[in-house]
Amino acid sequence: MNKSVTIDREGLNQLIIVLGGMGFQVVGPTVRDEAIVYEKLGSIKDLPEGFTDEQDGGIYRLKRRQDQSLFGYAVGPHSWKKFLHPPERRLWQADSEGSDFEIKPEKLDTTKFAFIGVRSCEMHAIAIQDKVFINDKFVDPVYQVRRENAFFVAVNCGQAGGTCFCVSMNTGPKVEAGFDLALTEVLENDRHYFVVEVGSKKGEACVKQMTHQQAQKEEIAQAENVVKETAGQMGRSLNTTDIKGLLYENLEHPRWDDIAERCLSCANCTMVCPTCFCSTVEDVTDITGTHAERWQKWDSCFTMDFTYLHGGEVRASTKSRYRQWLTHKLASWQDQFGSSGCVGCGRCITWCPPGIDFTEEVPKIRDSETQSLKMS
Amino acid sequence: MARKLKPKVAVWKFASCDGCQLSLLDCEDELLAVSQEIEIAHFPEASREVIKGPYDLSLVEGSITTPHDAERIHKIRRSSKSLITIGACATAGGIQALRNFKDVNEFVSIVYATPEYIDTLQKSTPISEHIKVDFELRGCPIDKMQLVEVISAFINGRKPNTPAHSTCIECKRRGTVCVMVAQGKMCMGPVTHAGCGALCPTYNRGCYGCFGPQETTNAGSLSSQLKRMGADDEEIVRTFRGFNAYAEPFRKESELHDKENH
């Protein structure tokens, strides 16, 4: 990595301003309503300086740190999919005149986003959504244009969250690909700096407009150390050995009933998941009946409408819906898209109100299988 | 698509606060368009003019609390082609259904100077316990845009878009941070029917459950979670006994935690 440079806090501030000047809408982590969310950034003042989070099943608490770090926390309730795959959007409108009608296609919103602080698990999640939205025969034009226009400033995690398990899923904590710039935040004694790895020509062009130094060997070593330490702090872990076979063979396991007793069918896990991509389509008319609109909205496999066919719902029980979600995420996703659907970000654990944690549930199924093998 | 006659719409009131039917007058921007598409034939809050039935659509607000109302609703049903209930009173018995958990005669004897003048039923019940209802619009009060949507759907002969999933989905779509997970606030959102656009959580309050139970309510799990957050049985009873206290999943859950039942 001879392309590494270092910048200080002012350099990072310049990056935000430079990106703004290049026509990007700069978005990234900021504190709002007791959490770190992804929203518009004007300068480094908007970043969650000196904040961190504590996370566990169903619990997220914003806390103060002892230092002035700008990225000293794990992922929060938002993910970048809200920018690349907007939660609600109009697809087209139609107006009728006499017996005829005219369809007005929606103007493509070509907002260029610069994402600041994208974590390794999130880069992987975006790569997974790419397979769904653009890498196949059917392309989502909004996702495509936003994805192609986006500028990625990744951040190597300096701290793992209580529900993180990217190490188990091979998705982090070090950012490997897909970024324009990748930062590692280093705080040592009185010095606060970022080692910046340049990942693209666009990234290089940005660096040229920022105050920067060539990174020294020791600085690079420090940065590598930060990531190594994070990898050792994972709040959760998951044994993924033949997880597909394990789940496929245990579709009638009693543990699913146990989970269903706790599951609220509220859909929070799917909404916060950075790879869940399902949406529904609503057709509406105005009261005159001469104007119609089609809207696409985030949907979830936990709603009844999701599998409603003539005569009723295919998955009427909570048990069947939870099982469907988890087996899709960890098993049939592999058949469908060639990778796991889980990146180990832990959001589905933290933001589940009763704190259902599949890193606890899957081992329960695995253990009972091991036991029954021993008995037979 | 020329329509020969405007559909005749009637608005009826039972035991309620009028808030839901006033949502129709509150439509402001949409009111002109609405009044051009429908004939308001019976709506005493808006006009003294009353056009005789039968009606194409009746919007019914309020719950059944008196023997007289229990008869009146049947007459309204007979004169209405379609009948839609609006609001928590008409759909679940309303806040006045709190009396269903006590002896109403005791209230009557304490509240009224001459209790013998009071002719009331033991329970406040939803309209659907008395007659066939074509559609129930949730909320306390209803959301005016949902009301316009339901009327538009009725006029245009289509299904209204009023999803029955949890309020959490509305929070997440608008980017609201979960107040229960991030702040430890009690919130009915996970068991509550969507429709308000997640109003309270967006203003940093827990959901009060104004829209009643969602399609697959797991009230027991929410109670367990509220207990873990420090709530006692009394608080859980109060949480479930709001505007939709008599809606079955909420009623059953509050009864499980109500000491008077044990």
Side-chain angles (χ1 to χ4, degrees), chain A residues 32-39 53 55 58-62 76-78 82 86-88 96 98-99 260-268 270-272 280 282-290 292 295 297-300 302-306 313 316-318 321 350-356, chain B residues 1-3 27 30 33-38 148-149 151-161 163-169 171-185 187 189-192 194 201-204 214-222 224-226 228-229:
Chain A
R32 199 241 300 153
D33 296 331
E34 309 283 314
I36 295 164
V37 296
Y38 295 155
E39 264 155 27
D53 52 49
Q55 301 192 37
I59 297 170
Y60 178 101
R61 290 291 179 278
L62 193 64
H78 288 184
K82 75 170 194 170
E88 295 187 355
S96 74
S99 61
E261 267 182 37
R262 286 169 284 145
C263 177
L264 291 160
S265 271
C266 61
N268 276 316
T270 55
M271 295 285 122
V272 294
T280 184
E282 271 179 17
D283 287 343
V284 293
T285 55
D286 74 348
I287 198 142
T288 65
T290 59
W295 282 76
K297 297 178 175 182
W298 283 1
D299 199 9
S300 168
F302 281 88
T303 72
M304 293 293 260
D305 276 348
F306 191 82
E313 300 84 14
S317 71
T318 299
R321 290 197 295 280
T350 300
W351 300 97
C352 169
I356 299 174
Chain B
M1 226 180 11
R3 274 186 294 267
C27 283
E30 298 76 22
V34 171
S35 61
Q36 276 169 0
E37 297 300 320
I38 61 176
V148 173
E149 165 63 12
I151 294 172
S152 300
F154 167 78
I155 292 173
N156 293 295
R158 65 173 172 86
K159 207 177 146 225
N161 290 306
H165 56 60
S166 73
T167 302
C168 301
I169 292 184
C171 265
K172 291 295 183 284
R173 282 183 188 153
R174 65 187 289 179
T176 298
V177 177
C178 179
V179 296
M180 184 147 58
V181 169
Q183 298 181 45
K185 287 181 179 165
C187 179
V191 296
T192 300
T202 302
Y203 287 92
N204 258 306
Q214 58 124 310
E215 57 193 1
T216 51
T217 300
N218 186 348
S221 173
L222 186 69
S224 306
Q225 180 59 16
L226 297 180
R228 274 193 294 276
M229 286 162 57

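Numbered from 1 within each chain, the chains take letters A, B, ... in sequence-line order. Basis for what follows: all heavy atoms, side chains included, without hydrogens, waters or symmetry-related copies.
Residues satisfying the side chain to side chain donor-acceptor pair (under 3.5 Å) test with Thr280(A), not counting sequence neighbours, are none. With sequence neighbours excluded, the residues forming a side chain to side chain donor-acceptor pair (under 3.5 Å) with Glu149(B) are Arg158(B), Asn161(B), listed by chain and number.
The minimum heavy-atom distance between Gln225(B) and Pro354(A), with the atom names listed, is OE1-CA, 3.6 Å. For the residue pair Arg173(B) and Trp298(A), the shortest heavy atom distance occurs at NH2-O, 2.6 Å. Here the closest heavy-atom approach between residue Leu264(A) and residue Pro190(B) is recorded as CD1-CB, 3.6 Å. The heavy-atom pair separating Arg262(A) from Ser221(B) by the smallest distance is O-OG, 2.5 Å. For Glu34(A) against Ala182(B), the heavy-atom pair with the smallest separation is O-CB, 4.0 Å. In plain terms, the two heavy atoms of Asp33(A) and Val177(B) that are nearest each other are O-CG1, 3.9 Å.
With values rounded to the nearest 0.5 angstrom, Glu37(B) atom CD is found 8.0 Å from Asp286(A) atom CG. Separation of atoms OG1 (Thr288(A)) and CG (Asn156(B)) is listed at 7.5 Å; rounding is to 0.5 Å. Distance check: Ile151(B) CD1 to Ile287(A) CD1 gives 5.5 Å after rounding to the nearest 0.5 Å. Atoms OG and NZ, from Ser300(A) and Lys172(B) in turn, are 11.5 Å apart once rounded to the nearest 0.5 Å. Considering SG of Cys168(B) and CZ of Phe302(A), their distance stands at 12.0 Å, rounded to 0.5 Å.
Of the residues considered (Thr270(A), Val37(A), Thr285(A)), Thr285(A) shows the highest number of contacts with chain B, using heavy-atom pairs under 4.5 Å. Most heavy-atom pairs under 4.5 Å with chain A: of the set Val148(B), Asn218(B), Thr192(B), this distinction falls to Asn218(B). Ranked by heavy-atom pairs shorter than 4.5 Å toward chain B, the options Ser317(A), Pro353(A), Cys263(A) are led by Pro353(A). Between chain A and the residues Cys178(B), Ala33(B), Gly175(B), the most heavy-atom pairs under 4.5 angstrom are made by Gly175(B).
Both the backbone and the side chain of Thr350(A) come within contact range of chain B, with heavy atoms under 4.5 Å apart. With a 4.5 Å cut-off on non-hydrogen atoms, Arg32(A) touches chain B through its backbone and its side chain both. Contacts between Asp283(A) and chain B at a heavy-atom distance below 4.5 Å involve the backbone alone (N, CA, C, O). Heavy atoms of Val284(A) lying under 4.5 Å from chain B belong to its backbone as well as its side chain. For chain A, the nearby parts of Gln183(B) are the backbone and the side chain; heavy atoms of each come within less than 4.5 Å. In this structure, chain A has no heavy atom under 4.5 Å from any part of Ser224(B). If you measure heavy-atom distances from Arg174(B) to chain A, you find no contacts under 4.5 Å at all.
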- Item | Check against side chain to side chain contact (heavy atoms under 4.5 Å, CB included), Thr303(A) and Ile169(B) | CA-CA 10 Å; Thr303(A) 72; Ile169(B) 292 184; 3.6 Å; yes
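Under the 4.5 Å side-chain criterion, counting only non-hydrogen atoms from C-beta, Glu282(A) is in contact with Pro163(B).
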